[in-house]
Each structure stands twice: as structure tokens, then as C-alpha cells.
Amino acid sequence: RVRPAPTLKGSTRRQRPHTHTHGTMVTLKPSSSLFNLYKSSTLKKWDLPFVALLLIFEAAVSLLIVKKVPYTEIDWEAYMQEVTTWQDGERDYMQIRGGTGPLVYPAGFLYMYGFFKWLTDGGTNILSGQ
């Protein structure tokens, strides 16, 4: 549903639906089949099935990767060192360090990886974290 654009007093100009394609603006006329396709693809009834299929697909791909690709440690140990330092009470970012250097991520990182550390039995059960 297209809402009227804000107008100046006395103006009757209405906003038309637009879509952007590679930096160019394309005006869709309400009678065009492209407009009808756009309008039908934005129906709320497809939101939940789409999200469900997307999550199932992502879980399947993730499972396939975990099963087929050997684990490669990329900064995991350094992250666990940083989280451990923070959990031990250090709050000065200049003092929180891991094997790759000082902590450069925001505090949300520490909370998230603190949860991962708990989930992986202190950072040792990598498979459960994957």
C-alpha cells in the first residue's frame, strides 16, 4: 500500500512506489506486472516460512561445515585469554591481553565470548561451541 507523500499546502502530489537497481531509480506503475510481483513478494504471510527455511538452510550448511572442514584455531585461545582476564576482574582495556595482543573489541564481545567460554566448558570443548 502506497502512502501519500507529505505535501505542501494546496499540493495534491502523491508518492509513487520506487525500486532501486544498481544505483538507478526505476518507477513502477501500479498496473505493471513488475509492480504486482513486488507487491505480492512483500506479503506478511511469507515472512515466517521464509525465515524458517532460511534458518533450516543455515543450520544444514553449518552442520556440513563442522563435519567436513577440520577445525582451525583462529584467535580462539586469545579470545579465551582476554575473557578470562576480564572475568578475573580486570576492567582496564590496556591490561586485557591475549596471545595476539591487547583487546580491541567492545565490551559486548567480552559478554558474548564469556557465554561461549561457559558453553564450551571453559573454552576446551570446541565442538559444542561450533
Side-chain angles (χ1 to χ4, degrees):
R1 181 171 204 184
V2 179
R3 293 183 178 169
T7 60
L8 299 174
K9 278 190 173 183
S11 174
T12 59
R13 185 172 177 219
R14 296 178 68 89
Q15 182 179 7
R16 289 199 246 159
H18 291 87
T19 184
H20 296 278
T21 309
H22 303 289
T24 60
M25 190 180 303
V26 177
T27 302
L28 298 177
K29 296 181 176 153
S31 62
S32 74
S33 59
L34 187 56
F35 176 75
N36 290 332
L37 177 64
Y38 168 75
K39 187 175 167 188
S40 67
S41 69
T42 59
L43 295 175
K44 296 279 185 210
K45 70 179 184 178
W46 296 111
D47 287 353
L48 188 58
F50 176 75
V51 170
L53 285 173
L54 186 63
L55 289 174
I56 290 168
F57 176 74
E58 185 176 346
V61 169
S62 295
L63 184 61
L64 184 67
I65 289 170
V66 167
K67 294 287 183 189
K68 297 291 181 184
V69 178
Y71 170 72
T72 304
E73 194 277 323
I74 301 175
D75 296 338
W76 177 259
E77 289 181 22
Y79 294 166
M80 292 300 107
Q81 292 166 351
E82 293 166 354
V83 167
T84 300
T85 302
W86 172 71
Q87 288 176 336
D88 289 343
E90 184 61 62
R91 297 299 180 259
D92 182 356
Y93 261 59
M94 299 303 289
Q95 302 303 318
I96 301 176
R97 304 182 68 78
T100 58
L103 176 64
V104 295
Y105 299 111
F109 163 87
L110 293 169
Y111 287 100
M112 184 174 66
Y113 274 85
F115 171 71
F116 291 157
K117 183 179 177 187
W118 171 81
L119 189 69
T120 60
D121 300 323
T124 59
N125 186 354
I126 306 300
L127 187 58
S128 67
Q130 289 179 313

(request) Mind checking the OG1-CD spacing from Thr84 to Glu90? Nearest 0.5 Å is all I need. (result) 13.0 Å
(request) Could I get the full list of ring pair (Phe, Tyr, Trp, His ring centres under 6.0 Å) partners for Tyr105, not counting sequence neighbours? (result) Tyr79, Phe109
(request) Identify whether Ile74 and Ile126 are in the same connected component of the hydrophobic contact network (ILVMFWY, side-chain heavy atoms under 4.5 Å). (result) no
(message) Quick check on Tyr71: does its OH atom have over 12 non-hydrogen neighbours (other residues, nucleotides or ligands) under 6.0 Å away?
(response) yes
(message) Any non-hydrogen side-chain atom of Thr85 less than 4.5 Å from a side-chain atom of Leu103?
(response) no
(request) Might you point out which heavy atoms bring Ala78 and Gly99 nearest each other, and give the distance in Å? (result) CB-N, 3.7 Å
(message) Run the ring pair (Phe, Tyr, Trp, His ring centres under 6.0 Å) test against Trp86 and tell me which residues pass, sequence neighbours left out.
(response) Tyr111
(request) Check the hydrophobic clustering (I, L, V, M, F, W, Y; side-chain heavy atoms under 4.5 Å; chains of links allowed) and say if Leu63 and Val61 are grouped together. (result) no
(message) Grouping I, L, V, M, F, W and Y whenever their side-chain heavy atoms are under 4.5 Å apart, do Phe115 and Ile96 come out in a common cluster?
(response) yes
(message) Do Tyr113 and Lys117 have side chains that approach each other closer than 4.5 Å (heavy atoms only, starting at C-beta)?
(response) no
(request) Evaluate whether atom CD of Glu77 has more than 12 neighbouring non-hydrogen atoms of other residues, nucleotides or ligands under 6.0 angstrom away. (result) no
(request) Could you state whether Met112 and Met80 fall into the same hydrophobic cluster, counting links through intermediate Ile, Leu, Val, Met, Phe, Trp or Tyr residues with side-chain heavy atoms under 4.5 angstrom apart? (result) yes
(message) Can you tell me if Glu73 has over 12 outside heavy atoms packed within less than 6.0 Å of its CD?
(response) yes
(request) Check whether Val83 and Val104 end up in the same hydrophobic cluster, where Ile, Leu, Val, Met, Phe, Trp and Tyr are linked by side-chain heavy atoms less than 4.5 Å apart. (result) yes
(request) Return the minimal non-hydrogen interatomic distance between Ser128 and Asn125, and the atom names on each side. (result) OG-O, 2.9 Å
